[in-house]
Amino acid sequence: MSVIWNNGLMMILVTAAGGFCSIVVGFLAARIATGMARKLRLKLFERIESFSLAAFNKFSRASLITRSTNDIQQIQATSIMLLRLALMAPIMAIGGLQKAMNNAPDLELDYCFGGVCFVCGYRYVIYDCRT
């Protein structure tokens, strides 16, 4: 009976830790994307302010307002989504490796080889595939 309670407690703790990590990742992603959007809006505003009167009359006010709100909001939403994915991936990888090591400890060498292959592949994609 104690095995059931231990496993149940472990599942509850892992769920609570995952929920906490999700909240922290969401908070950090929102803060980073909001700061980026604020800087982008400021740069866009400064750029629009530097237009000459002829260039300013070339664009409609509605178009400038739409671009300064809707487009940047879309960039912000995309950034939040990508940051949540990028920040949560290492946490998921660590949890997955820990679970895999518990289930099959005799495959440690395979896990290390897989990690090295992943890092080499990542390096190749990032640094060697530039165009």
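This is a predicted model, so every value here is computed, not measured.
Within a 6.0 Å sphere centred on CE of M92, heavy atoms belonging to other residues, nucleotides or ligands number 12 at most. Around atom CZ of F51, more than 12 heavy atoms belonging to other residues, nucleotides or ligands sit under 6.0 Å away. In the displayed structure, R84 atom CZ is contacted under 6.0 Å by at most 12 heavy atoms of other residues, nucleotides or ligands. More than 12 heavy atoms of other residues, nucleotides or ligands shown are found within 6.0 angstrom of CG on L13.
With hydrogens and angles ignored, the 3.5 Å screen pairs a side-chain donor or acceptor of Y111 with a backbone N or O of A100.
Closest non-hydrogen pair, L87 versus I91, comes out as O-CD1, 3.9 Å.
Considering CZ of R47 and CG of L44, their distance stands at 9.5 Å, rounded to 0.5 Å. In this structure, C117 SG and D110 CG are separated by 10.5 Å, a value rounded to the nearest 0.5 Å. In this structure, OG on S2 lies 9.5 Å from CG on N7, to the nearest 0.5 angstrom.
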(message) Run the side chain to side chain contact (heavy atoms under 4.5 Å, CB included) test on V119 and R123 for me, step by step, so that the C-alpha distance in whole Å, both residues' side-chain angles and the decisive distance to 0.1 Å come before the verdict.
(response) CA-CA 6 Å; V119 169; R123 187 202 172 283; 5.5 Å; no
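Residue I32 is found in a hydrophobic cluster whose other members, listed by chain and number, are L83; membership requires side-chain heavy atoms under 4.5 Å apart, directly or through intermediates. Here F113 sits alone; no ILVMFWY side chain lies under 4.5 Å from its own, so it joins no hydrophobic cluster. Under a 4.5 Å side-chain heavy-atom criterion applied to ILVMFWY residues, the cluster that includes L109 comprises that residue alone.
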Distance-only donor-acceptor hits, side chain of residues 14-31, under 3.5 Å, sequence neighbours excluded:
| residue | atom | partner | partner atom | Å |
| --- | --- | --- | --- | --- |
| T15 | OG1 | M11 | O | 2.8 |
| S22 | OG | G18 | O | 3.0 |

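For the pair E46/L42, a side-chain contact is recorded, criterion being any heavy-atom separation below 4.5 Å from C-beta on. Inter-residue side-chain proximity for L85 and M81 is flagged as unmet; no heavy-atom pair is nearer than 4.5 Å.
In terms of the side chain to side chain contact (heavy atoms under 4.5 Å, CB included) criterion, residue partners of L40 (sequence neighbours excluded) are, by chain and number, I72, I75. The side-chain hydrogen bond (donor to acceptor under 3.5 Å, both in side chains) check on T34 picks up Q76, with sequence neighbours excluded.
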